[in-house]
Amino acid sequence: MHTAHLTLRPFTSEDIEDTRAACSDELTQRWLPLPRPYTADDARAWCADVAPALRESGDGIHFAITARSGGRLLGTVGLKKTDWRALVSEVGYWVAPWARGRGVASQATSALARWLLDDQGFQRMELRAAVENLASQRVAAKAGMHYEGTMRNAGFVHGGRIDLRLYSAVRSIDSTR
């Protein structure tokens, strides 16, 4: 899958070191309940086993994000908690420290929404962002998602339980993606 500037593709063994570095980053660790420390073995398992298994199980699909021209891993975007009966899935992502501030997450999220809602015929894509994670809320807005409300005590990070803001893109309403 491509945007004007990005490629979304399966993870490969070449992504292991960049995945380890990005998932070890303090900001990534603040908002995601990843293993701490995040080791090369964790990254290897994600790239080679976990991400492909999620797709095979039907729970979701996760893409490595790179520049369309190639180069190192910029981040990941994927779907999880897929409900095939209701045709609803939740988007999640992280962006590597060396790629932040360039619109990577919003472009990738928007492309994934188009693919899920338009090409795959799903009805709804959700994004949940910690109330204090303003960058993730900006991603949702830039990707054309609509704020629906705050879910109290709905998430967890290394620091404990947190409130989440819920955003959505809906097939029948969001035809301008």
Side-chain angles (χ1 to χ4, degrees), residues 1-16 18-19 22-23 28 31-32 45-96 99-130 133 135-149 151 154-155 164-177:
M1 184 179 336
H2 298 280
T3 72
H5 304 287
L6 303 174
T7 296
L8 279 59
R9 59 160 178 78
F11 279 89
T12 70
S13 60
E14 294 180 10
D15 299 318
I16 292 171
D18 282 342
T19 297
C23 290
T28 304
W31 299 119
L32 299 175
W46 172 258
C47 293
D49 301 323
V50 177
L54 289 169
R55 180 179 185 160
E56 291 169 14
S57 74
D59 183 56
I61 187 168
H62 295 269
F63 297 97
I65 306 169
T66 62
R68 190 155 187 172
S69 59
R72 79 188 291 191
L73 181 73
L74 302 177
T76 183
V77 65
L79 298 167
K80 59 186 179 177
K81 301 177 185 170
T82 301
D83 183 334
W84 288 93
R85 185 176 173 125
L87 298 175
V88 175
S89 195
E90 180 184 338
V91 64
Y93 51 81
W94 53 254
V95 175
R100 291 184 185 137
R102 299 176 12 202
V104 169
S106 58
Q107 289 176 56
T109 298
S110 182
L112 193 60
R114 282 191 306 275
W115 177 80
L116 182 70
L117 301 174
D118 298 339
D119 299 345
Q120 304 304 310
F122 270 60
Q123 295 298 311
R124 178 179 172 89
M125 184 175 86
E126 296 180 347
L127 184 153
R128 297 167 190 213
N133 188 344
S136 202
Q137 293 172 49
R138 284 191 298 273
V139 166
K142 287 180 182 179
M145 300 185 80
H146 302 280
Y147 174 66
E148 293 189 354
M151 302 167 61
L164 298 174
R165 295 227 165 129
L166 177 64
Y167 294 83
S168 71
V170 181
R171 184 173 189 223
S172 63
I173 297 172
D174 301 314
S175 58
T176 60
R177 281 180 313 287

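Computed from a prediction, not measured in an experiment: that's the story for all the values here.
A distance below 6.0 Å separates the ring centres of Trp84 and Phe122.
For the residue pair Arg100/Thr28, the side-chain donor-acceptor check at 3.5 Å is satisfied.
Applying the 6.0 Å contact sphere to CD of Gln120 captures more than 12 heavy atoms from other residues, nucleotides or ligands.
Heavy atoms only, all atoms of each residue included: Thr19 and Cys47 are closest at OG1-SG, 3.6 Å. Contact detail for Thr66 and Gly71: the closest heavy-atom pair is CG2-O, 4.0 Å. Ala64 approaches Asp15 most closely through the heavy-atom pair CB-OD2, 4.0 Å.
In this structure a side-chain-to-backbone donor-acceptor pair under 3.5 Å is missing from Arg165 to Ala129. In terms of modelled atom types and a separation under 3.5 Å, the side chain of Gln137 and the main chain of Ala130 share a donor-acceptor contact. Here the side chain of Arg68 pairs a donor or acceptor atom with the backbone of Thr3 at under 3.5 angstrom. Between the Ser168 side chain and the Val170 main chain, no donor and acceptor come within less than 3.5 Å of each other. Remark: side-chain polar atoms of Ser110 are not paired, donor with acceptor, to backbone N or O of Gln107 under 3.5 angstrom. Asp18 contributes a side-chain N or O that, together with a main-chain N or O of Leu73, makes up a donor-acceptor pair within less than 3.5 Å. Panel note: side chain Ser106, backbone Val139; no donor-acceptor pair is recorded below 3.5 Å. Listed for the Thr76 side chain is no donor-acceptor partner under 3.5 Å among the backbone atoms of Tyr93.
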Legend entry - Ile65 vs Trp94, side chain to side chain contact (heavy atoms under 4.5 Å, CB included): CA-CA, chis, key distance, verdict: CA-CA 10 Å; Ile65 306 169; Trp94 53 254; over 6 Å; no
Legend entry - Working for side chain to side chain contact (heavy atoms under 4.5 Å, CB included), residues Met125 and Met145: CA-CA 9 Å; Met125 184 175 86; Met145 300 185 80; 4.0 Å; yes
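Here the rule is side chain to side chain contact (heavy atoms under 4.5 Å, CB included) with Ser89, and of Thr82, Asp59, Leu112 only Thr82 fits it.
Here the NE2-OG distance, from His5 to Ser69, works out to 10.5 Å after rounding to the nearest 0.5 Å. Summarising the geometry, atom CD belonging to Glu90 is positioned 7.5 Å from atom CG belonging to Leu127; distances are rounded to the nearest 0.5 Å.
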